[in-house]
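In what follows, a single structure is set out as structure tokens and then discussed.
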Amino acid sequence: MDLLTRIKGPRDLDRLSLGELDQLAEEIRTFLVDAVSKTGGHLGPNLGVVELTIALHRVFESPKDKVLWDTGHQAYVHKLLTGRQDFSRLKSKGGLSGYPSRAESDHDIIENSHASGVLGWADGMAKANEVLKKDDHVVAVIGDGALTGGMAWEALNNIAAAKDRPLVIVVNDNERSYAPTIGGLANHLATLRTTDGYERFLARGKDFLERTPVVGRPLYDTLHGAKKGLKDFIAPQGMFEDLGLKYVGPIDGHDIEALESALQRAKRFGGPVIVHCLTEKGRGYTPALEDEADRFHAVGKIHPDTGLPISTSGLDWTSVFGEEMVKLGQEREDIVAITAAMLQPVGLGKFEEAFPDRIYDVGIAEQHGAVSAAGLATGGLHPVFAVYATFLNRAFDQVLMDVALHKCGVTFVLDRAGITGTDGASHNGMWDMSILQCVPTLRIAAPRDADQVRAQLREAVAVDDAPTVVRFSKGAVGPAVQAVGKVGGMDILRKPKAARPDVLIVSVGALAPMCLEIAELLDAQGISSTVVDPRWVKPVDEALAPLAERHRVVVTVEDNSRAGGVGSAVAQALRDAGVDVPLRDFGIPPVFLDHASRGEVMTDIGLTAPDIARQVTGLVAKLDGRFESRAVEPARD
């Protein structure tokens, strides 16, 4: 690590020879495998961009020049070259973020880790440079997988409109997002990868024709004049050039000298340029290269020599869903599945194996996925669109205006709902139950355990005239939480010991064990409580208001933003029913949460059993005090 430890900032790279740069690249790969194996993180993508990142920081002058990363999970090398080499607490509280972070460095410009947005950022920043007459360069690094997102093409359409506005777009083409990139764009890029290219062809042709008497030179000039058509035939980069974008490439993304040459040409051009770089995800690490599913896109703690996980957790929410989907597929031929470039992460791998003709990977295009689901439903099928909760935010309009308005039977399965923790602010699935509350006819299920995932998924796909949502947490699923009774469609998880109980605890989803713990803590203070799991949190069960009326206080506990969440919906339902019972809602405050473990985040925001029990005890005590003061208040004439 002799060279790496000497790199305190990008300009330290200028003093290295080409041979030393190659050595540095190997040192970085060794560092990444060693560091990320201890903490977990996005290993494969970063192993693939080592030389590319070195070349970018050699050619451009960050932070004066703005290097923007999409989605940011491949920015570990960028962190190393900009003075951040302590990876000991990567993605942990107090340590480095797993994505670019403005709080960490002036070299980090954008930190939203949702894909396909970087070109919009780059377009805006290039326009700002133009207006303010700055000579800064803007460089956007985007993967071929992210180019499957519609936002990228909306931005390209705008970028191409200004022929003389400098902007460098680096396409990091490793044929993958999480899994191999799919669709028409992927096929086009594959053609570019496998062609010798127009320039090489024309150069060979020129040598031959100039040696041909009389007709040689005129024929060459004719061919050169037909450049566009010939280029499309030999190397069809014309798609980009038709947009008005200068195209450079394909470039070997692991050849630092070639990369620097291409980037220098792009830097000098004075207009929008695409530099197409071919890289290998997981490069230099055999276990990653042999992992055909996703090339170690993201790993937990692993043995660095073998790539095998150090420990395995129990049954997880995602696999429970995946197994039940296969069973549903066997029972119903109309069940189809949709994924947005995340087949394995959302648990649809086994469904694909069983029903390869009934699954659709739409690329990183959640909006299109939702509209396509509406079409599938209208065509007589029942689509199940599995997506991370945080990514459904991007398709809200389509859920509202295409799926719900048209009464389409589509089931959205939201993985990683609630606090996910270590991936930071953009990956917490803490907004879904808020933004979906206003969608007419839509129904939301929040299973508390594996049994309920199976049961509520089946209930969801039975609905054929409205959208349904099933949301669950990240990671291991705990033991089953048995119901001890039912009220309406709700499960009673704990019955009160008193005839007139004090507190009704409305438990949402995976927080059921916590709510039972709260009840025990309240019981120790002489406060009796009922714990109810609504199962379906939208719409609010009609039986909830009469149940609430038999208690002195209602408490809602949810793994979602308090703003507009389940607590707000319950409060409105009580008001509508004329039930005047104090309600206290516990959930996630409307703030962006720093990366830390799920438990640490919940402790920081007070979403723990002791914190909630303490506040509820105080609330009940105030009620008791109010009633006592009225009892001793003197009569008035």
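Everything numeric here is computed off the predicted structure, so don't read it as measured data.
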Test: salt bridge (Lys or Arg N to Asp or Glu O under 4.0 Å). Region: residues 253-276. Which pairs qualify, not counting sequence neighbours?
Arg58-Glu260
Before accepting this row, confirm whether a basic side-chain N of the pair Arg416/Asp423 lies closer than 4.0 Å to the acidic partner's carboxylate O.
no
Should Glu20 and Leu3 be marked as a side-chain contact (heavy atoms from CB on, under 4.5 Å) after you check the CA-CA gap, both sets of side-chain angles, and the distance that decides it?
CA-CA 8 Å; Glu20 288 174 321; Leu3 290 175; 4.1 Å; yes
Using a strict 4.0 Å threshold on nitrogen-to-oxygen distance, state whether Lys64 and Asp135 make a salt bridge.
yes
Mark yes or no for whether Thr420, through its side chain, and His427, through its backbone, hold a donor-acceptor pair below 3.5 Å.
yes
Heavy-atom pair of closest approach, residues Leu90 and Gly98:
CD1-CA, 4.3 Å
Please tell me whether Ser37 and His303 have a donor and an acceptor in their side chains that are separated by less than 3.5 angstrom.
no
When you measure from the side chain of Lys66 to the backbone of Ala140, do you find a donor-acceptor pair of N or O atoms at a distance under 3.5 Å?
no
Is Gln74 reaching over with its side chain to a backbone N or O of Asp70, donor-acceptor style, under 3.5 angstrom?
yes
Any side-chain heavy atom of Ile109 within less than 4.5 Å of one from Val67?
no
Ignoring hydrogens and angles, tell me if any N or O in the side chain of His595 forms a donor-acceptor pair with the backbone of Gly95 under 3.5 Å.
yes
Trp69 vs Ile142 side-chain heavy atoms within contact, under 4.5 Å
no
Under 4.0 Å between a side-chain nitrogen and a carboxylate oxygen: does that hold for Arg394 and Glu366?
yes
Any Lys/Arg nitrogen of Asp415 or Lys474 sitting under 4.0 Å from an Asp/Glu carboxylate oxygen of the other?
no
Atom of Val36, atom of Gly41 and distance for their closest heavy-atom approach:
CG1-N, 3.7 Å
Taking only residues two or more places apart in sequence or in another chain, which ones pass side-chain contact (heavy atoms from CB on, under 4.5 Å) with Ala266?
Val168, Val273, Val275
Distance from Leu156 atom CG to Leu147 atom CG, nearest 0.5 Å?
6.5 Å
For Ala126 and Val138 the tightest heavy-atom approach is N-CG2, 4.0 Å
Show your reasoning for whether side-chain hydrogen bond (donor to acceptor under 3.5 Å, both in side chains) applies to Glu600 and Ser597.
CA-CA 5 Å; Glu600 288 171 330; Ser597 71; 3.2 Å; yes
Candidate pair Cys277 and Val170, rule side-chain contact (heavy atoms from CB on, under 4.5 Å), full reasoning
CA-CA 7 Å; Cys277 303; Val170 176; 3.9 Å; yes
Are Phe87 and Leu80 close enough that some pair of their side-chain heavy atoms sits under 4.5 Å apart?
yes
Before you tell me yes or no, could you show the steps for Leu343 and Ile359 under side-chain contact (heavy atoms from CB on, under 4.5 Å), namely the whole-Å CA-CA distance, both residues' side-chain angles and the distance that decides it to 0.1 Å?
CA-CA 9 Å; Leu343 181 77; Ile359 188 162; 3.3 Å; yes
Does the Ser116 side chain pair with the main chain of Ala146, one donor and one acceptor, at a distance under 3.5 Å?
yes
For residues 7-16, which residue pairs pass the salt bridge (Lys or Arg N to Asp or Glu O under 4.0 Å) check, not counting sequence neighbours?
Arg11-Asp14, Asp12-Arg15
Of all pairs that satisfy ring pair (Phe, Tyr, Trp, His ring centres under 6.0 Å), the ones with a partner from residues 119-149, not counting sequence neighbours
Phe60-His137
Residues Val139, Ile169; criterion side-chain contact (heavy atoms from CB on, under 4.5 Å); working and verdict:
CA-CA 6 Å; Val139 186; Ile169 299 167; over 6 Å; no
Does Glu353 reach the main-chain N or O of Lys350 with its side chain, forming a donor-acceptor pair under 3.5 Å?
no
Is the closest side-chain heavy-atom distance between Arg598 and Thr422 below 4.5 Å?
no
Using a 3.5 Å distance criterion without hydrogens, assess whether the side chain of Glu280 forms a donor-acceptor pair with backbone atoms of Gly48.
no
Might you point out which heavy atoms bring Phe385 and Ile338 nearest each other, and give the distance in Å?
CD1-O, 3.5 Å
In the structure I gave you, are the side-chain heavy atoms of Ile274 and Val248 within less than 4.5 Å of one another anywhere?
no
Going by side-chain contact (heavy atoms from CB on, under 4.5 Å), name the residues that satisfy it together with Lys163, two or more places apart in sequence or in a different chain.
none
Distance-only, no hydrogens or angles: does the Arg102 side chain make a donor-acceptor pair with backbone N or O of Asp108 under 3.5 Å?
no
Check this for me: does any side-chain nitrogen of one of Lys127 and Glu130 sit under 4.0 Å from a carboxylate oxygen of the other?
no
Pairwise distance NZ(Lys281) to CG(Leu43) - rounded to 0.5 angstrom:
10.5 Å
Is it the case that the side chains of His78 and His57 hold a donor-acceptor pair, with the cut-off being a distance below 3.5 Å and no angle test?
yes
pair Glu51-Leu21: side-chain heavy atoms closer than 4.5 Å:
no
Any side-chain donor paired with an acceptor under 3.5 Å for Glu27 and Thr30?
no
Could you state the interatomic distance from CD (Gln85) to CD1 (Ile7), rounded to the nearest 0.5 Å?
8.0 Å
Any side-chain heavy-atom pair from Leu52 and Leu259 closer than 4.5 angstrom?
yes
Which atom pair, heavy atoms only, marks the closest approach of Lys91 to Gly40?
CD-O, 4.2 Å
Would you say the side chain of Leu4 lies within less than 4.5 Å of the side chain of Phe31, judging by non-hydrogen atoms?
yes
Taking Thr279's backbone N and O only, do any of them form a donor-acceptor pair with Asn174's side chain (distance below 3.5 Å, no angle check)?
no
Under 3.5 Å: donor-acceptor pair, side chain of Ser101, backbone of Ser97
no
Among residues at least two apart in sequence or on other chains, which ones pass salt bridge (Lys or Arg N to Asp or Glu O under 4.0 Å) with Asp34?
Lys38
Where do Asp361 and Ala340 come nearest, in terms of heavy atoms and distance?
OD1-C, 4.0 Å
